[in-house]
Amino acid sequence: MYVIQVASEIAPVAKVGGLADVVFGLTRELETRGHDVEVILPKYDCMWYEQIWGLHRVFDDLWVPWYGGAIHCSVYFGWVHGRKCFFIEPHSPDNFFGRGTFYGCKDDLLRFVFFSRAALEFLYKSGKRPDVIHCHDWQTGLVPVLLFEIYQAIGMPNQRVCYTVHNFRHQGVGGVELLWATRLGRPEYYAHHDRLRDNTHAHGLNLMKGGLVYANFATTVSPHHAWEVRHTEQGCGLQSTINVHQVKFGGVLNGCDYDVWNPEKDWHLARHYGAASIDDKYVNKEALRERLWLRKDWKPIVAYVGRLDAQKGVQLIRHAIHFALSRGAQFVLLGSSPDPAISREFWGLKQQLNNNPDVHLELGYSDQLAHMIFAGADMVLVPSLYEPCGLTQMMALRYGTVPIVRAVGGLADTVVDRDFGYKPPGERNGYVFDHADAAGLESAMRRAIGLWFDYPAEFRQLMVQGMCYDYSWNYPGQHYLNIYEHIRAK
Ligand code: ADP
Ligand code: GLC
């Protein structure tokens, strides 16, 4: 099958969060199974260019219709760790992707609406006719709309779209100028409740809603989240839309790329290890302590790796740091936040804890340190208020690091509580709490830290049980292929 992914991120060159990991990992899995997969991305100025091989211009005459005229674009091709990627570079004073940042600009909506239009124009003009276009999140919600309203009639009748929502909290809501910019026009038609009109703001056009309505199949990134968005306020206003389109909506649990996240061959680690050589994990614990100047003592390390965003439960993370210390554990945090208030709060906390040899807060982004933490920590905390899937708990499991999670979204699908879980004791893999408050968090952390201190052999057993889980792309890869097969033009 010929699949083209249209996305705003790919790991490791343009990564803000898990979306980047998913686009890379799914592409690799499909290729391994013999399918032809290409990825279309914006050519951001701030990509990690050293990790793109053989980048060169392949198409220089792309004119993308935009308002009353057209914007001239070049298209580059390059390999990102073996994946075939096309990067679109517009030449216009708007300088859409030359902002030194992936997101966070006032005109983000127009930037990605432009990208969506440009991606389709590129397919159209270059003669690429994939069986399936797989696009992701609000940034590419307009892709199926443009395909079926414009390109289908002029030469792309057989293309089908799978649309995956990674985060319902960001839907891309804008005004009618989106229609004029992309030349869709006809506000009376598109700004209709059955199409793009936002379910809450009557004058808003919702890109994600457009994606859900127009795609041949829509998914979100875990089965539990697929249920949450239909039946709870986690659908962020799109519940009714999803329910109307429920026959073409489902949850596919993300995979974790075991080629990148594998303690048996991870080049970031001080010592490789696996389930059969778990003692070697402790070499990594020592290496982590050395790197972060933590005291060497008989204490467990609890870690948090991830964006410091409200959805991640920042107040609970903050509480967990103090609670871990009060229970005799150490705490390591790696994270950053684009939100100045959250950022200030954690810089303040860092300063306050600066002289404590049992805690280290690294406020920034570091792929290498993330690998070292998953390998060196004993437990990884994911206390999210909202989590469509979550990848860090899967990474932790792979590294024999026990996850402590809140029962929400994909976290509820992947972690089974050691004491109260629904699986037989030999198949449980971590700690789970329900209530997003201090008492809930403490109940799980107390049990995890208690087991580490009082029953080390049982803690080890739990680590090994986690490592035995298979959260690779193997199963989700097949799941997506079934969806592609189901929607492709016969
Ligand atoms: P989200 O997509 O909501 O951010 P996920 O758990 O799906 O959450 O994915 C987060 C990804 O980003 C993981 O690969 C995680 O290791 C990585 N990550 C997040 N913050 C950082 C950071 N500060 N440094 C290194 N990696 C990070
Ligand atoms: C989003 C979600 C996260 C998910 C990731 C990859 O950023 O917040 O839960 O794991 O996308 O699908």
Side-chain angles (χ1 to χ4, degrees), residues 5 7-12 14-26 48 102-103 134-139 163-171 208 219-226 228-229 234 236 251-258 260-261 266 268 303-314 317 332-339 342-343 346 360-375 377 380-399 401 403 405-406 408-415 471 473 476 480:
Q5 305 229 36
S8 55
E9 299 183 27
I10 189 165
K15 169 164 164 171
V16 173
L19 167 63
D21 296 302
V22 170
V23 171
F24 183 91
L26 174 60
W48 189 9
F102 299 113
Y103 313 123
H134 190 163
C135 52
H136 303 264
D137 264 353
W138 72 265
Q139 292 88 338
Y163 178 56
T164 296
V165 176
H166 298 256
N167 198 323
F168 281 90
R169 289 202 164 183
H170 304 281
Q171 298 179 3
M208 184 167 280
T219 67
T220 189
V221 289
S222 69
H224 188 59
H225 194 53
E228 286 171 343
V229 296
Q234 304 246 17
C236 304
V252 181
L253 188 71
N254 281 337
C256 174
D257 193 331
Y258 285 175
V260 178
W261 301 98
D266 184 335
H268 296 292
Y304 175 81
V305 177
R307 295 182 296 121
L308 293 170
D309 181 286
Q311 84 170 63
K312 303 288 179 186
V314 279
I317 295 168
V332 169
L333 176 144
L334 169 63
S336 61
S337 173
D339 178 332
I342 297 178
S343 199
F346 277 85
H360 182 95
L361 309 189
E362 184 77 20
L363 302 176
Y365 186 93
S366 165
D367 207 34
Q368 187 208 19
L369 187 56
H371 284 256
M372 289 181 69
I373 292 175
F374 288 119
V380 156
L381 180 69
V382 198
S384 306
L385 309 181
Y386 171 86
E387 197 65 81
C389 180
L391 298 176
T392 56
Q393 80 282 13
M394 299 201 233
M395 292 160 182
L397 286 168
R398 183 73 173 146
Y399 283 73
T401 307
V405 308
R406 175 155 178 267
V408 67
L411 299 171
D413 284 326
T414 49
V415 182
Y471 285 130
W473 272 104
Y480 275 114

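First listed ligand is number 1; within each ligand, the first listed atom is number 1.
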Exercise. Would you mind checking which non-hydrogen protein atom is closest to atom 24 (N) of ligand 1, with the distance to 0.1 Å?
Key: Ser366 N, 3.1 Å

Self-check item: Val22 neighbourhood, listing ligand 2 atoms whose heavy-atom distance to it stays under 4.0 Å
Solution: 6 (C), 12 (O)

Quiz item: Is a side-chain donor-acceptor pair under 3.5 Å present for Tyr304 with Thr392?
Solution: no

Quiz item: Below 4.0 Å from any atom of ligand 1, is there a heavy atom belonging to Cys389?
Solution: no

Self-check item: Interfacing atoms of ligand 1 (cut-off 4.0 Å, heavy-atom, Gly18)
Solution: 1 (P), 2 (O), 4 (O), 7 (O), 9 (O), 10 (C), 11 (C)

Practice problem: Identify, for atom 8 (O) of ligand 2, the protein heavy atom at the shortest distance, and state residue, atom and that distance. | Solution: Gln311 NE2, 3.1 Å

Quiz item: Can the positive tip of Arg398 be found less than 6.0 Å from the middle of the six-membered ring of Tyr258, inside 45° of the ring normal?
Solution: yes

Quiz item: Does Pro388 come within less than 4.0 angstrom of ligand 1, counting non-hydrogen atoms of the residue?
Solution: no

Quiz item: Is ligand 2 less than 4.0 angstrom away from at least one heavy atom of His225?
Solution: no

Quiz item: So His225 and Tyr386, ring-ring contact (aromatic ring centres under 6.0 Å, His included) or not? Walk me through it.
Solution: CA-CA 9 Å; His225 194 53; Tyr386 171 86; 5.3 Å; yes

Quiz item: At a 4.0 Å threshold, what atoms of ligand 2 neighbour a non-hydrogen atom of Val221?
Solution: 12 (O)

Quiz item: If you count the atoms of ligand 2 from 1 in the order shown, which ones are under 4.0 Å from a heavy atom of Leu19?
Solution: 6 (C)

Exercise. Report, in ascending order of atom number, the atoms of ligand 2 lying under 4.0 Å from any heavy atom of Glu387.
Key: 2 (C), 3 (C), 8 (O), 9 (O)

Quiz item: Mind checking whether Gly18 has an N or O less than 3.5 Å away from an N or O of ligand 2?
Solution: no

Self-check item: Identity and distance of the protein heavy atom lying nearest atom 12 (O) of ligand 1
Solution: Lys15 CE, 3.5 Å

Self-check item: Heavy-atom nearest neighbour in the protein, as seen from atom 15 (C) of ligand 1, with distance rounded to 0.1 Å
Solution: Thr392 CG2, 3.9 Å

Quiz prompt | Ile10 and Lys15, any side-chain heavy atoms less than 4.5 Å apart | solution = no

Quiz item: Under the side chain to side chain contact (heavy atoms under 4.5 Å, CB included) criterion, do His166 and Val22 qualify, and how do the steps go?
Solution: CA-CA 10 Å; His166 298 256; Val22 170; 3.7 Å; yes

Quiz item: At a non-hydrogen distance cut-off of under 4.0 Å, which region of Asn254 contacts ligand 2 (side chain, backbone, both, or neither)?
Solution: side chain

Quiz item: In terms of side-chain heavy atoms, does Gln5 have a donor or acceptor partner in His136 at a distance below 3.5 Å?
Solution: yes

Practice problem: List for me each residue that meets side-chain contact (heavy atoms from CB on, under 4.5 Å) alongside Ala14, sequence neighbours excluded, and say none if there are none. | Solution: Tyr44, Met47, Phe102

Practice problem: Considering only non-hydrogen protein atoms, determine which one is nearest to atom 6 (O) of ligand 1 and report residue, atom name and distance to 0.1 Å. | Solution: Leu391 N, 2.8 Å

Exercise. For Lys312, take its heavy atoms, then give the atoms of ligand 1 lying under 4.0 Å from any of them.
Key: 1 (P), 3 (O), 4 (O), 8 (O)

Exercise. Any chance you could lay out the side chain to side chain contact (heavy atoms under 4.5 Å, CB included) test for Val221 and Leu253, step after step, and finish with the verdict?
Key: CA-CA 5 Å; Val221 289; Leu253 188 71; over 6 Å; no

Quiz item: Looking at Glu387 and Arg406, does any basic side-chain N land under 4.0 Å from a carboxylate oxygen?
Solution: no

Quiz item: Hey, what's the ring geometry for Trp261 with His371, parallel, tilted or perpendicular (30° and 60° as the breaks)?
Solution: parallel

Quiz item: Under 4.0 angstrom from ligand 1, any heavy atom of Glu362?
Solution: no

Exercise. Go through ligand 1 atom by atom and flag the ones less than 4.0 Å from a non-hydrogen atom of Asp21.
Key: 11 (C), 13 (C), 14 (O)

Quiz item: Step by step, would you call Val408 with Leu385 a side chain to side chain contact (heavy atoms under 4.5 Å, CB included)?
Solution: CA-CA 7 Å; Val408 67; Leu385 309 181; over 6 Å; no

Self-check item: Heavy-atom nearest neighbour of atom 11 (O) of ligand 2 within options His136, His170, His166
Solution: His166

Quiz prompt | Sub-4.0 Å heavy-atom approach of His166 to ligand 1 | solution = no

Quiz item: Between Asp266 and Tyr399, is any side-chain donor less than 3.5 angstrom from a side-chain acceptor?
Solution: yes

Quiz item: Could you walk me through whether Phe168 and Trp138 pass the side chain to side chain contact (heavy atoms under 4.5 Å, CB included) check?
Solution: CA-CA 8 Å; Phe168 281 90; Trp138 72 265; over 6 Å; no

Quiz item: How far is atom 23 (N) of ligand 1 from its nearest protein heavy atom, and which residue and atom name does that atom have?
Solution: Gly364 O, 2.8 Å

Quiz prompt | Atoms of ligand 1, numbered as shown, that sit under 4.0 Å from any heavy atom of Gly306 | solution = 19 (C), 20 (N)

Quiz item: Got a second to check how far Cys256's SG is from Trp473's CH2, nearest 0.5 Å?
Solution: 9.5 Å

Quiz item: Under 3.5 Å, is there a donor-acceptor pair linking the side chains of Thr164 and His134?
Solution: yes

Exercise. Could you tell me if any non-hydrogen atom of Gly390 lies under 4.0 Å from any atom of ligand 2?
Key: yes

Practice problem: Enumerate the atoms of ligand 2 whose separation from the nearest heavy atom of Asn167 is less than 4.0 angstrom. | Solution: 8 (O)

Quiz item: Against heavy atoms of Arg307, which atoms of ligand 1 measure under 4.0 Å?
Solution: 1 (P), 3 (O), 4 (O), 19 (C), 20 (N)

Exercise. Do me a favour and list the nearest non-hydrogen protein atom to atom 27 (C) of ligand 1 with residue, atom name and distance?
Key: Tyr365 CE1, 3.5 Å

